[in-house]
Structure formats: C-alpha cells, structure tokens
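Since we're looking at a predicted model, the values are computed, not measured. Just so it is clear: chains get the letters A, B, ... in the order the sequence lines come, proteins before strands, and each one is counted from 1.
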Amino acid sequence: MAFTLPNGAALTLPPHATGADAAAAIGAGLARAALAVKVDGITLDLARELPTDGERRIEIITEKSGAEALELIRHDTAHVLATAMLELHPGVKISIGPAIENGFYYDFDFPDGVSLSDADFPAIEARMREHVRADERFVREDVSVEAALERFRAEQQPYKVELIEDLVRNAPVDAPVTSVSLYTNGPFTDLCRGPHAPSTKRIKAFKLQSVAGAYWRGDSARKMLTRVYGTAFLSQAELEEHLERLERARANDHRRLGPQLGMFQFSEVSPGAAFWMPGGTAVFNELVRLSREMGAARGYLEVKTPQVFDSHLWKTSGHWDKYRENMFVTEYEEREMALKPMNCPGHCQLYAMAPHSYRDLPLRLWEPGLLHRREASGTLHGLLRVRHFAQDDSHIFCTEEQIQAEVAGVLAFAADTYGLFGLDVHYELSTRPEVRIGSDELWDRSEAALAAALDSLGLPYVVNAGDGAFYGPKIDIHMTDSLGRSWQLGTCQLDYNFPERFDLTYIGADNAEHRPVMLHRALMGSYERFIGILLEHFSGELPLWLAPRQVTVLPISERHAAYAAEVLQRLAASGLRADVDSRDEKVGRKVRDAELAKVPYMLVVGDREAAERQVGVRVHGGGDLGAESLDGFIERVLARVRERDLLREGTA
RNA sequence: GCCGACGUAGCUCAGCUGGUAGAGCACUUCACUCGUAAUGAAGGGGUCGGGGGUUCGAGUCCCCCCGUCGGCUCCA
C-alpha cells in the first residue's frame, strides 16, 4: 500500500496497516503524539485499517494539528461526560453530544423530579477525571442495526433507538444502512460515527461550563432535554487562557458598558425597551443622522407613517395571520388596532396614495420607524433583542428590470455603511423555502438577481438553502458579538407578494398598469442592535463623532471655574458634546474618571491656559498632548467629527 | 414561550446552621485650592424584586408571580 505524506514524500505500508502503523512507520515520536489519521481528507481512528481506494493522501493528526485535534478531544470529552453522568445518575437517558465551535455539549434527559445545576459540576468533573486518568481506550465496533437496536432497547435508551431508526429510514435507497458504529470507552458505549482519539488520557484539560435546556432535535414541540456545555484543550494553560479570554469579553458586553457610559438602562416597568439617557440618545441620533445623510445622497426619500393601524391593514398584509402573536394589539371605539411591528404595510399604503409612472421608479422610501414586537420573554437580550426598536428601514418600489441594479445599490450602500465603522460582516443568501408563493421561474430569476448583485460586488457569501421568506429570497448581513454570538444586522429582501396584496401599480411606457416589485432593506438593522454591536466592537471607545461625551473640561481649582465655563460655552456653541468636571477634586482624580468614562478629549485648564486662552489637551488612552489655543483645538476636532474619523487621535 | 440559575443601598458585593441589615465606590456637607489615572473627615441613603405561607421570630425555609442571566425555539 502506497501513500503520499503532506510533504510529498511516499510512504509504503504492508497490507491491512492501520493509522497507528502509518504513524509508527514515520517515526516513534509521531506515533506517541498521534491522535487520528486523515486519509484523503477523511479523519479516521488510528486503530482502523487504512482504506485502499482513493488517492491515498495521508496525514497524521497530532496535538499540534490545531482545530482538528481540539475537535477530536472535545468529542472525546463529551463521551467521558456521558460516562460520568450515567454512573452518577443511573436512570438518565442520553441523546447526542457533539463537539461545537468552542467546546462540546451533551444532551441528557433526567428522570422526573431530577434537575441539574452547575453546583453539580465539581462532582461530575471529579468522576470524569477518574476516567481520564484511567486512560480508557476508545474502541470502535461496527454492529448490525438489529444488534444496535436490541442493545439500546435493553439499556432503555430511547433517544439512541430513535436515532438509529431514523438513520435507517432516511438512508438513500441505493445505500441502505445495515450497520452502525459504536464506541466504547471504559464502562460506556455510545452510538457514534467517530472518529475518536486512541484513549481518554489524551484529554489534557477540560471544564464543564453551563447547563441549559435544549429541545430534542431542536423541535420546540418535543421534549426539553438538559444540555451540559463544556470545553476541552490540549493543555491546562490553553484552557485557562480561553477562560480568561471569555472573562475579558464579558467586560466588553454592551449591557455592562451602556449603563457604565451613561448611555441607556433597562427597567422592569418596560421589559425589552431601553431608557435612553442623554449620552445614548446622542449616539442614537448621530446614527439616524448618518443614515439620513447617506440615504439622501443615494436617492432615498424620507417619509413618516403612523404607529397604530387598523387591523384591516394587517389583514391585507398578511400579518394578522402570520405575525399576530408578535404584535401589540389594542382596541378603541370598537376598532381593533395594532402597533406596527414592521414598516412595510404603511409604506405600501403610502405608495398607493398616489398614481405612479414608470418614470418615477425606482421609488426609495425611507423611515427610521419605531417598531414594537411582542418578543417572547426568554429571547430578550440587552439592546440586541428588544421589544421596542427603530429600524433604518427602506422599501424600494421598482420594475423587474431594475431589481439587480437596485440590489447592487443596496449592497454597495451597506458596504459603505459598515466600512465607516470597520465592521467585519458576513453575507448569507437565503433561497426558496418549501412553503412559498410564486412560480419556480420567478424564484429562479429572483435568486439569480440577488446572487448576481453579490457577485458583481465581489462579496463572498454562504447560501442558506430553504431559508428565504415565503414571498421571496433575501440577503442577510450578520456580525458577531463579544461572546461570539452571531446577530443579523442588515437585510435585503425581494418581494413580489406585498405589491400584489396591496394592489400596487405603476403606469408603464405602454400606458398600461403594471405591478412593481418591492425590495425591503435595512442596513444597520435596528439602531438599538447596531449600537449594542458597536459598543462591543469598540470596547466602549466609540469614535469621536459618535462618543456620547466628546470633550470634558477639567478646571484645576475653583479659581478656574469661570474660564472653564467659557471654554464649555465655546465647545457647546460649536456643536460638540461637552461638559465641565467642576467637582472639588484634584486634576488627577478628574483625569482618572474621564479616562474611565472613555471621553475622547480632556481639556485641563489652569492659570496658564486662562492667561493664554489655551487648553491643555489630553486624549483618551494617548496622554498629554500639551497646550494649544482653544480656537485651534475646536477647529481641529470639528474637522475630525465632520470626517467621521474612525480612529481616535493618538491611537492610530 | 421552554429548561436551569440568580435578584440585598445608585453601582459591585458581604450577610454561617432563621434571632428585626453591612463594606467599598457613588451621593451630600465641611476642610484643603490642588497641573494629567483615586485628598481627608463627617453625613444621608435599604418595602432585602413583588405577593402569600411556615415559625414566637424570615434577607435566610416553602409556594406563586415579575425581572435578569446562560441556553433552546423564534428573530432586526
């Protein structure tokens, strides 16, 4: 048997050689370090006989193989967790336990009345450590479906039985499933595809992190299981580093930063709705101003539509059927009314209020509309998921021929917007779902138009097959928060449905009525979510133009109060957000507090500055820049604000 | 909405096996009048998330509700 190693060298092995044999043939050190073997891109256990077909490129996976090694031992650790859990809770039903991005989980079903909390972790971890220390081998065994079913029925493991039955049922006709693989480590045997490291001792460091509920098979109609999350590493040091990283990320959580910086707070009197303090309101307004300016330059027309609409409108739009449980419904004078959860029906209504010529299209309506959605309590998450928010929402009415150009325009606008903040976003194209309206031919064209627009701008994207809206495909733009959770910001959706439902028309060049196409788009998404993401992205150090407080004046003693007031007056008159720290404190203290508040500029004023009409400039994180004339300072800072400079002075 | 945990002063948190609340910061006042990351002293401030219950007595134990956090489902 001949193989090719990653460095191009040839390796010849006797027949029936295993991955372990291959590693040993290369070197004794490699044999000791080996975790698994990869043949033609497929990872296998070391103990398995190597396949003889294919190109036979072979690579030994060791602890130094990075992500692949981590994935292996995390999956191993999940098995060890299940091992310990079965010993500590003999009646527990096990389901699945995969490796995930930063660790692993295992889902359990505990007998009624038994619940798990993180207080139970030390005992479970101790039992897990015993199994790791015992250096138990992972032994693979291929058994017939019947034997496997019999085994898990005997062990009263219904989830495993269901998994096997589904494997058989969902197998393609030309490749029926007749056997499954089992992995045994110590006293525990699990249904598992593999691969695994040779033995439990390869798990060098692990930790259980949290317990959470998770629906069996992700289906909210099914039973909720108990999920235990954990992580594992190839050294204790790496584990600790990872945990420290998580700790640091928590300091960037917008829910901590927002109140700290005096931007917003939440209250029990209105769950899921932020109270915006002056500082946060300033940030919010700057963003609205930005989208207004950028939109105006790209042909968007600002409109304002009502907050509350008669249910007739929602019946026309389809929301009454599809979205009612997410709406705040009210009633007066025997009319059923609802707060708007989206702007589109209002914009359609507005479009229909006047006749339109093809010459008017595309018509780009924009509204930073306030929306209310009755989100389930468990889904609320700081500013990233709220019940009351505003979107930079637009509806573009155009002809079918204009679709691709309009989508390209929206994507270019999006790239400009995100570029201004240095945000690293990723794009997803969601295509036709099972339940949909419209002909396949229409969907072909719609999806092609969106894909063509993405391609024309050279934007990489992943396809979410079947994830489109029932009325059309969409492009979603995502970004991750400080803890690695992904959130959708922008969206661009193609819609043939609403124009139909609202009977929207335009008069074409042929003097006949035609149906326009509608594009729904938001770039920042909701201003609330966008601000949350920005806070985390900048660790609370918002760029100068966005900072809740841009300048703070620090008089050295009470004697300088008058000059400080004059400086503040000049700053405020030039449109800068500024204040004076007139507390009876030493400058050192005032500087410290301003630094902690992440204020971009601190102006120290004392006798020297007052005499020369200067200010002592200090930049956040950048130290003392020395004295400068007040006029010069204001001019320079205003220029940077106008440019919406991303970087802070002195930190470039 | 579902599973689990948590909820003490504006903030961060103490409060052992039940015996009618405490610290630091913040705030107010006074002294100091100060040059780039915490001046000192004094003082005010709490329905212990809300409501029931057990008990001679509940921040501590039990039940219900609300909110928050970690997930799941859903979503901008």
Where the side chain of Glu268(A) is concerned, which of U33(B), A76(B), G7(B) is the nearest nucleotide?
G7(B)
Do the side chain of Arg256(A) and the base of C11(B) come within less than 3.5 angstrom through a donor-acceptor pair of N or O atoms?
no
Out of Tyr323(A), Phe328(A), Phe309(A), which one pairs with Trp314(A) under the ring-ring contact (aromatic ring centres under 6.0 Å, His included) rule?
Phe309(A)
Considering only atom P, compute the distance from G49(B) to U33(B) and round it to an integer number of Å.
46 Å
On the nucleotide G71(B), are OP1 or OP2 found under 4.0 Å from the side-chain N or O atoms that His381(A) carries?
no
If you measure from the P atom in C16(B) to the same atom in G53(B), how many Å do you get, rounded?
25 Å
Using the C1' atom as the reference point in each nucleotide, state the distance between U54(B) and C63(B) in Å, no decimals.
11 Å
Please measure how far the P atom in G15(B) lies from the corresponding atom in G22(B), and state the result in whole Å.
15 Å
For C25(B) and C64(B), measure between their C1' atoms and round to the nearest Å.
37 Å
Strictly below 4.0 Å: does Arg217(A) bring a side-chain N or O up to OP1 or OP2 of U73(B)?
no
How about Val615(A) and Val567(A): do any of their side-chain heavy atoms sit closer than 4.5 Å?
yes
Atom CG of Leu625(A) to atom P of U36(B): distance rounded to whole Å?
15 Å
Checking only heavy atoms, does the side chain of Tyr215(A) share a donor-acceptor pair with the base of G1(B) at less than 3.5 Å?
yes
From C34(B), A37(B), G70(B), pick the nucleotide closest to the side chain of Ile556(A)?
C34(B)
Could you tell me how far apart Asp593(A) (CG) and U36(B) (C1') are, to the nearest whole angstrom?
13 Å
Aromatic-base stack, Phe389(A) on A76(B), cutoff 5.5 Å, angle under 30:
yes
Would you state whether a donor and an acceptor, one from the side chain of Glu375(A) and one from the base of G1(B), lie under 3.5 Å apart?
no
Pairwise C1' distance, C48(B) and A58(B) [rounded to whole Å]:
11 Å
First encountered from the 5' end of RNA chain B, between Ser377(A) and Met602(A):
Ser377(A)
Considering just the side-chain nitrogens and oxygens of Arg255(A), establish if one lies under 4.0 Å of OP1 or OP2 belonging to G70(B).
yes
